[in-house]
Amino acid sequence: MRLVPILLATAIAAALPSTAIAHGARSSADGVAAGRTPATSAPSPLRVAETRISDASMAVAAQLRETALASSLAWDITESLTTEVGPRLAGSEADARAVAWAQAKFAELGFDRVWTEPVTFPKWVRRSERAEVLGASAQPLVITALGGSPAGTVEAEVVRFADLAALEAAPAGSLAGRIAFVDYRMERARDGSGYGPGSRVRSRGPSAAIRAGASGFLMRSAGTDSHRNPHTGITRFDEGLEPVPSAALSVPDADQLARLLARGPVRLRLALDCGWDGEYTSQNVIGEMTGASRPDEVVLIGGHLDSWDLGTGAVDDAAGIGITLSAAVHVAALSRRPARSIRVVAFANEEQGLHGGNAYAAAHGGEVARHQLVAESDFGAGRIYGFNTGAPAHARAAAARIAEALAPLGIAPLDQGGPGPDVIAISRAGATWAWLGQDGSDYFDLHHTPDDTLDKIDPAALAQNAAAYAVFAYLAADAEGDFGSAPASAAAPD
Ligand code: ZN
Ligand code: ZN
């Protein structure tokens with residue numbers, strides 16, 4: 001059985017269908033074990049030599065680390081995308097501009113090969129959104145529609161629930177003609193672990209509300225800030241349910257609504273104009289720096305090109321694009337290229353269901369053994385503090401060498417993590433993941449809000465990320481031997 005750990009459920013829950021979220025939660029323990037457990041599909045140590053990283057490669061990596069740390073290239077790319085394209089809602093007019101931007105940027109940066117691969121998905125549009133308390137304390141409340149919500153205007157009494165479990169326990173029909181309000185407060189954590197329960201309110205709350213008969217759904221945003229900024233994000237309605245208007249209140253507005261409810265019944269008007277509108281075909285934009293001696297084998301790094309529409313998608317995920325494109329450029333600038341190619345993927349539509357990552361796996365799942373390691377940067381722009389891979393026993397020493405080269409950047413080998421959201425699908429197909437864990441302490445202050453803008457990024461932290469990805473990608477690409485990527489067995493549970 002090949003274990004494909006999905007430990008970082010917190011970082012991926014936003015865009016996953018509820019089945020995938022359940023998978024992430026269930027697989028947490030597997031993730032920890034998999035770091036030490038050889039996959040049965042990997043070659044036997046008796047037949048395959050231990051993967052090695054040479055002293056010469058380590059010396060090059062040390063130089064590469066300093067070069068990347070001193071460079072502003074990751075910042076320049078991030079600044080360009082957030083400024084010139086701005087918000088990049090999947091399927092919007094800006095989606096096409098982002099694809100064109102990425103093709104031009106890869107070419108401008110000197111990638112040897114640049115191409116696109118189509119990604120088709122349902123398109124969701126946001127037109128207007130408004131909520132107001134009616135009656136003696138009449139006042140507006142700041143909300144935003146959840147991605148996937150239908151349009152509609154609901155005028156109804158609000159019923160508060162402390163958390164998702166309380167709403168799920170509401171008897172069928174008990175909320176008929178009411179608006180359900182889940183007032184769950186998400187916890188701040190460096191590894192973003194508060195986002196699992198926070199985002200579950202968003203993914204499962206609307207369906208629970210409908211089952212109890214509600215005609216609308218409101219939640220305290222899955223966020224850790226105290227600003228009047230609601231956090232959007234995708235939701236889904238279970239099969240067979242008639243979707244109802246569903247929105248998130250900013251944290252101070254959730255506080256306000258809770259205080260009003262403590263004084264007595266509250267009637268509220270929720271008016272959303274948004275919804276699904278046909279299909280759209282975007283593109284995964286892919287650039288490659290050709291390896292010196294094994295060009296058909298790749299280290300895959302990347303981020304997602306789309307964003308939500310409220311901010312300019314700076315920390316989510318222009319930073320990931322800037323970090324990984326710049327890392328590949330730094331590696332390619334070496335006087336001696338690594339053996340394997342560095343492939344950078346700017347994934348389409350991560351936010352609404354990992355569409356780009358799924359399309360990549362559908363197109364490349366048959367070439368999984370040619371993927372030396374895969375890693376996505378999609379957890380903001382905070383400093384990287386931890387490194388891990390799902391590599392089997394014969395590559396653990398090489399993984400330790402990579403960790404040794406990352407140590408001067410303040411990065412420790414940790415027994416946690418998992419594939420970033422857009423490389424989950426290719427990991428399930430058998431590619432070995434690597435995790436470069438970013439400090440997400442303030443990520444959920446900004447995530448999916450109007451405050452996700454360039455000024456929130458620390459250029460020095462961004463350069464540290466780029467240096468880490470450059471060192472990691474170079475050493476993985478130049479290793480003598482593999483990291484265990486092999487087609488997942490048909491019997492694998494994933
Ligand atoms: Zn993201
Ligand atoms: Zn996101």
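Both ligands and their constituent atoms are indexed starting at 1 by order of listing. Note that the structure is predicted; figures quoted are calculated from it, not measured. Note: hydrogens, waters and symmetry copies are ignored here, and every other heavy atom, side chains too, is used.
For the pair D163 and R200, the salt-bridge criterion is not met [side-chain N within less than 4.0 Å of a carboxylate O].
For H448, the N/O/S atom at the shortest distance from the Zn ion (ligand 2) is named NE2. Take the N/O/S atoms of E351: the one nearest the Zn ion (ligand 2) is OE2. Residue D316 approaches the Zn ion (ligand 2) most closely through its N/O/S atom OD2.
For H304 atom NE2 and D378 atom OD2, the angle they make at the Zn ion (ligand 1) is roughly 90°, to 10 degrees.
A perpendicular orientation is assigned to the rings of H447 and Y195, their planes being inclined by more than 60° (bins at 30° and 60°).
The 12-atom threshold is exceeded at CZ of R383, counting heavy atoms of other residues, nucleotides or ligands nearer than 6.0 Å.
Partner of D445 under the side chain to side chain donor-acceptor pair (under 3.5 Å) criterion, out of R188, H227, K456: R188 alone.
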